Amino acid sequence: MTDKATLEYNGQKYEFPVIKGSEDELAIDIKTLRSATGGITTIDPGYKNTGSCSSAITFLDGEKGILRYRGYSIEELAEKADFLEVAYLLIFGELPNKEQLVKFHADIKEESHVDEEMKKILDSFPKSAHPMGVLSSLTSALIAFNPSTVDVSSEKAMYHAIVRILAKFPVLVAWTMRKKKGLPLDYGDDSLGYVENIHKMMFKKPTQTYQKNEIVIEALDKLLILHADHEQNCSTSTVRIVGSSHAGLFASLSAGISALWGPLHGGANQAVLEMLEAIEADGGDTKKYMAKAKDKSDPFRLMGFGHRVYKNFDPRAKIIKVAADEVLADLGIEDPILEIAKGLEKEALEDQYFVDRKLYPNVDFYSGIIYRALGIPTEMFTVMFALGRLPGWIAQWREMRLNNEPIGRPRQVYTGANSRGFVEVDQR
Ligand code: SDX
């Protein structure tokens with residue numbers, strides 16, 4: 001196999017190096033394309049064929065349905081690790097030993113207060129505000145109360161910013177949900193585990209002592225691990241490109257939250273539940289929704305199906321589907337929505353349109369069923385996705401900064417008007 005690619009155009013030949021990743025992925029390095037060809041660039045809407053960076057964090061094989069964080073399979077991590085361990089692994093590259101994990105959690109707990117003034121910003125939102133918009137705003141507002149997190153020119157400063165956001169983000173998530181429910185804005189309890197503390201902040205009733213439910217905490221921990229990173233998806237690419245201008249970590253994360261909000265991306269988990277509830281209200285008529293999904297004149301898509309990279313089962317969807325059955329059984333919940341989801345999946349997997357386009361259930365198809373069983377409101381589903389994705393965003397942003405990646409600035413092909421003179425208004 002050669003390590004060069006040749007482009008021939010207009011009788012000229014141009015050679016470009018071919019780089020190979022640690023999993024034998026090949027990429028043509030076109031860094032010199034424009035200068036070598038006197039101005040020719042490439043165009044690739046949605047970057048379907050274009051890599052933005054080299055990264056050592058997450059590996060996906062879309063054909064084989066493989067997902068690994070720093071070389072560890074998602075199946076093993078979901079089974080054997082906890083979310084804080086996985087966060088450390090993604091960000092720093094290795095699973096922490098006991099001492100490292102204890103220190104990491106202690107450093108996070110040190111920063112788990114949020115300035116009381118932040119509550120005034122939260123209070124300025126109407127209860128009808130979508131939690132993703134609130135969370136993106138609060139994450140950006142945090143900068144004003146933590147100005148030192150903007151300048152991360154040293155690894156020490158970067159670590160400081162990282163533990164601060166890992167500590168404060170879950171508080172903002174809990175406050176966002178509690179504000180909508182009209183509950184007092186509770187604080188965490190340093191004696192609890194990281195995910196247990198998140199659940200306590202979200203759900204503790206003001207008049208009751210917090211009761212830990214192992215099944216719920218385990219399910220939440222697993223869901224957060226499954227959402228923790230996914231290489232260069234839309235929101236991670238947003239975090240990277242915003243960070244490439246040397247905007248601070250919190251500003252980059254705030255932008256990533258907004259990108260994740262879209263129903264084609266993280267917002268799909270909310271859209272899936274709304275779709276399944278619509279099908280249930282329609283008497284379970286899945287065939288009508290399948291027809292809508294295939295009708296090109298209808299903008300409706302089968303939410304939770306299809307993926308830019310996975311052309312096989314999304315390994316996370318497989319794990320979440322099994323977990324959905326287990327959690328509902330353990331909690332003694334009969335949810336007809338789960339049966340509708342399974343029926344829809346079966347139909348789609350046997351439908352030529354979906355088979356031809358290699359459309360399989362993705363991470364968002366079943367996750368909402370578990371969130372619902374855990375008592376999380378539908379509008380908060382994408383916030384839970386953001387909570388899980390936080391360590392992945394941080395890891396990718398840190399890698400981009402440590403690699404001194406250049407500012408992201410794609411080119412374009414101009415198709416507008418050619419040069420023309422100004423015309424006075426009474427001449428137009
Ligand atoms: C996430 O990138 C990541 O890694 C994201 C993510 C992560 O962890 O960060 O995995 C999380 O965002 C998962 C995806 C959640 N979104 C949805 O479930 C929304 C529904 N899915 C689609 O909108 C779509 O599948 C995308 C956006 C996920 C992927 O779109 P692509 O890669 O741009 O594919 P496409 O739109 O070009 O579709 C190819 C064909 C088209 O038909 P043709 O023009 O070839 O006839 O497949 C069709 C599409 O119309 N198609 C669907 C469909 N998804 C694709 N048709 C009906 N229902 C769908 N869901």
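Here the structure is a predicted model, which is why all the values come from computation and not from measurement. Atoms within each ligand, like the ligands themselves, are counted from 1 in listed order. For the single chain, residues carry numbers from 1 onward in sequence order.
In terms of polar-atom proximity, F305 is counted as a contact of ligand 1, with an N or O under 3.5 Å from an N or O of the ligand. Considering backbone and side-chain atoms alike, R308 places an N or O below 3.5 Å from some N or O of ligand 1. Some N or O of L302 is nearer than 3.5 Å to an N or O of ligand 1, by distance alone. On a distance-only criterion, K311 and ligand 1 share no N/O pair closer than 3.5 Å. Distances between N or O atoms of N362 and those of ligand 1 include at least one value under 3.5 Å.
In V309, neither the side chain nor the backbone holds a heavy atom less than 4.0 Å from any atom of ligand 1. Heavy atoms from both the backbone and the side chain of L264 come within less than 4.0 Å of ligand 1. Looking at R389 against ligand 1, only its side chain comes within 4.0 Å, counting heavy atoms. The part of R357 lying near ligand 1 is the side chain, judged by heavy-atom distances below 4.0 Å. Here Y310 has no heavy atoms under 4.0 Å from ligand 1, in either its backbone or its side chain. Heavy atoms of R316 found under 4.0 angstrom from ligand 1 belong exclusively to the side chain.
Checked against a 6.0 Å centroid threshold, the rings of F305 and F365 count as neighbours. A ring-centre distance under 6.0 Å is found for Y187 and W175.
Heavy-atom separations between G304 and ligand 1 include at least one value shorter than 4.0 Å. Taking a 4.0 Å cut-off on heavy atoms, E231 fails to register as neighbouring ligand 1.
Under the 3.5 Å distance criterion, with hydrogens and angles disregarded, a donor-acceptor pair is assigned to the side chains of D282 and Y289. A donor atom on one side chain and an acceptor atom on the other are found under 3.5 Å apart for S235 and H265.
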Please lay out, stage by stage, how S55 and E399 fare under the test side chain to side chain donor-acceptor pair (under 3.5 Å). CA-CA 8 Å; S55 177; E399 181 180 70; 2.6 Å; yes

Test log, rule side-chain contact (heavy atoms from CB on, under 4.5 Å), inputs L84 and I108: CA-CA 10 Å; L84 196 60; I108 290 169; 3.8 Å; yes

The test is side-chain contact (heavy atoms from CB on, under 4.5 Å); show your working for R372 and E277 and say whether it passes. CA-CA 12 Å; R372 195 161 107 126; E277 285 172 337; 2.9 Å; yes

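The cationic group of R389 does not satisfy the cation-pi geometry with F385, failing either the under 6.0 Å distance to the six-membered ring centre or the 45° limit from the ring axis.
Note: Y194 and H105 have perpendicular aromatic rings, judged against thresholds of 30 and 60 degrees for the angle between ring planes.
Interface of M303 with ligand 1, defined as ligand atoms under 4.0 Å from a residue heavy atom, comprises 18 (O), 19 (C).
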